[in-house]
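Quick caveat, the model's predicted, so the values are computed rather than measured. No hydrogens, no waters, no symmetry mates; every other heavy atom, side chains included, goes into these values. In the text below, chain A, chain B and the rest are named by the order of the sequence lines, each starting its count at 1.
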There are 2 protein chains.
Amino acid sequence: MLSSEGLYQLFNIPAFTTAMTSSTNVSCFHEARRVAIFGGTHGNEMSGVTLVNLWIQNGKEIQRKGVETKPFITNPRAVEKCTRYVDTDLNRAFTTENLSAPSGDDLPYEVQRAQQINETFGPKGSPEAYDVIFDLHNTTSNMGCTLILESSKDHFNLQMMHYIKKAIAPDSCPVLLTEHPLLKYSTSRSVAKHPIGLEVGPQPQGVLRSNIFESMRLVLKHALDFIELFNEGLEFPPCTVDVFRVSEKMDYPRDTNGNIIAMVHPNLQDCDWEPLNPGDPMFQTFDGTTIRYEGAGTVYPTFINEAAYYEKQQAFVTTRRETLAAGAIKKT
Amino acid sequence: MLSSEGLYQLFNIPAFTTAMTSSTNVSCFHEARRVAIFGGTHGNEMSGVTLVNLWIQNGKEIQRKGVETKPFITNPRAVEKCTRYVDTDLNRAFTTENLSAPSGDDLPYEVQRAQQINETFGPKGSPEAYDVIFDLHNTTSNMGCTLILESSKDHFNLQMMHYIKKAIAPDSCPVLLTEHPLLKYSTSRSVAKHPIGLEVGPQPQGVLRSNIFESMRLVLKHALDFIELFNEGLEFPPCTVDVFRVSEKMDYPRDTNGNIIAMVHPNLQDCDWEPLNPGDPMFQTFDGTTIRYEGAGTVYPTFINEAAYYEKQQAFVTTRRETLAAGAIKKT
């Protein structure tokens, strides 16, 4: 864990910065005392399942001064079956409708779980909700160690992501901003005041790869260090964070019966976060024809060829680069 | 009790081999007129599912002179659910016990399917059985384009594999020989006189990658070309085939409750077919300790970190290199 002096060195910030900004525009947040780490929201994404189970047995690694960190398996039945979900996708189940439905055994299993999780870690949108929830995911896409941000206005999370990016540099840690009128969905982590998704890949479903496991573990270490420093009273000066904002969902080409008739083009496969320009190869039909991207400008695809998104009619999503400004923050 | 004819069938030995080879040293086989291509034996291994569905719609690509080639989805319910199996692993279900059990709806789905497949393409071990069955599989392991051979005595298959290896060189095409008193299992393809498994990876379950798809397609093209040439009367001279013979099944290190306590070591991950020497890193525990291979000599691991084998208590199998001699063959 870093001391605040260590932090100043890491960021090459003169120690008086804090004092300088504290008199100006500084957003104040309550201490982040209650933090949860969710694994197994999708039962076949093994890094999160394994890390959380490990920390349930021995939480020393995730303990930080002044923080209660709770590791939690969100979808135990799916974990047991090593499947994404049992009845319905838990990570889409935290809608107002589901959370306010009369509870009962006739509800889909994941809706029941969503209600229980909302009771324990929420209620969503209330002052009683957990401060921070990290939700640990894997993807079959070559997304590296991605942080998922739900709101461009969440300065606490922006500061945390800025901190993590700096800490793991020169390795990269892309931020995916899911703020979108249609494409944002009701995640498990959304019950917290500050929801953060970790999406680490490529890793097949049902497989535990040591490199992916250790990457996820390292990002979480830095995230918890940030929270500790914040709770200790460190002020974080204004900064900017480069993000990829979700733009458009792209489906596989299909025939009239809905059957897929093309694959992700080899030039695009594994090229998450790299520019896709108008005219670039996008799909390859089974008879070898190339289908090209015909959008208006450069986009940055991600979630390319994610296994779980075939059923969601999604071959990848396009994103656009954006730089967000985060104001200074400190604890109240 | 088996007749001597039955014995020949059981061991895939042409009944007149002895007489024919005594004068000319050429084994004679009947033409391979009836050939099947199985996809979806595991419903989430997408290359085979997709290729077979494609060829059911339009079989031109797999047509060869003098050969009836039947593309067939073996486990349609598993394909529909995009899961490995529904009740039990179809690719372990072709045991004598299952195939001779009284049929009925109370049998596990895959046992019912095994009986139906055995009726259509077998009966296993009988003269009526299909000549050749290719069974198309994917693996999450970095096995490249692997051919699976069930018997070191099957000179027809050895010649075919020799042909394929030459045709795709300089790309490699390892041959895995599953002949083993304990580790051989009762595959779907085993109903044919000449069963051939194709195991192509790495590809996550539920994902279709264009490179893996095209590799599988190319191997099958060469295999069918071989059969056509054989049926046309071409004699194939004696040759040798380098194979990897299955040796030992290695499980993940586990605690007393059966929970996995280590991952495949990063030095071993993705290193299928590469030598593993005594003292080489094999697993890495969650606290970073390296567990080393302690066998007596060099082995060649494969199926390293295959998703479907966690439930089979298998982290990888070791193999040993061997060179098999294939006698000359021609059609009777």
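A:Asn211 does not touch chain B: none of its heavy atoms, backbone or side chain, sits under 4.5 Å away. For a residue to count as touching a neighbouring chain, one of its non-hydrogen atoms must lie under 4.5 Å from one of that chain's; by this rule B:Gln203 does not touch chain A. Looking at B:Asn44, neither its backbone nor its side chain comes within 4.5 Å of chain A, counting heavy atoms on both sides. For A:Glu214, the part sitting under 4.5 Å from any heavy atom of chain B is the side chain, from C-beta outward, and nothing else. Heavy atoms of B:Phe213 lying under 4.5 Å from chain A belong exclusively to its side chain. For chain A, the nearby part of B:Arg217 is the side chain; its heavy atoms alone come within less than 4.5 Å.
Side-chain contact, B:Asn138 with B:His42: no donor N or O sits under 3.5 Å from an acceptor N or O. Using modelled atom types and a 3.5 Å distance limit, the side chains of B:Glu199 and B:Thr139 yield no donor-acceptor pair. Looking at B:Asn91 and B:Ser188, their side chains do bring a donor and an acceptor atom within 3.5 Å of each other. A donor and an acceptor atom, one from each side chain of B:Asn305 and B:Gln269, are located under 3.5 Å apart. Remark: the B:Thr74 side chain and the B:Thr41 side chain contain an N/O donor-acceptor pair separated by less than 3.5 Å.
Side-chain atoms of A:Tyr85 and A:Tyr109, non-hydrogen and from C-beta on, never get closer than 4.5 Å to each other. Using a 4.5 Å cut-off on side-chain heavy atoms (C-beta onward), A:Met263 and B:Arg209 make no contact.
Against chain B, the residues from residues 271-290 of chain A that qualify, each with a non-hydrogen atom under 4.5 angstrom away, are A:Gln284, A:Phe286 in number order. Using a 4.5 Å cut-off between non-hydrogen atoms, the part of residues 45-55 of chain B that approaches chain A consists of B:Thr50, B:Leu54.
Salt bridge A:Asp251/A:Lys312: absent, no basic N to carboxylate O contact under 4.0 Å.
Checked by atom type and distance alone, the side chain of A:Asn257 never pairs as donor or acceptor with a backbone atom of A:Asn259 at under 3.5 Å. The backbone N or O of B:His265 lies less than 3.5 Å from no partner atom in the side chain of A:Ser210, so there is not a single donor-acceptor pair.
When A:Leu208, A:Thr140, A:Thr83 are compared by the number of non-hydrogen pairs under 4.5 Å with chain B, A:Leu208 comes out ahead.
Heavy-atom neighbours of A:Gln313 CD from other residues, nucleotides or ligands within 6.0 Å: above the threshold of 12. A 6.0 Å sphere centred on CD of A:Glu311 holds more than 12 heavy atoms belonging to other residues, nucleotides or ligands.
Residue A:Tyr309 is tested with A:Tyr252, A:Phe316, A:Phe303 for a ring-ring contact (aromatic ring centres under 6.0 Å, His included); the sole match is A:Phe303.
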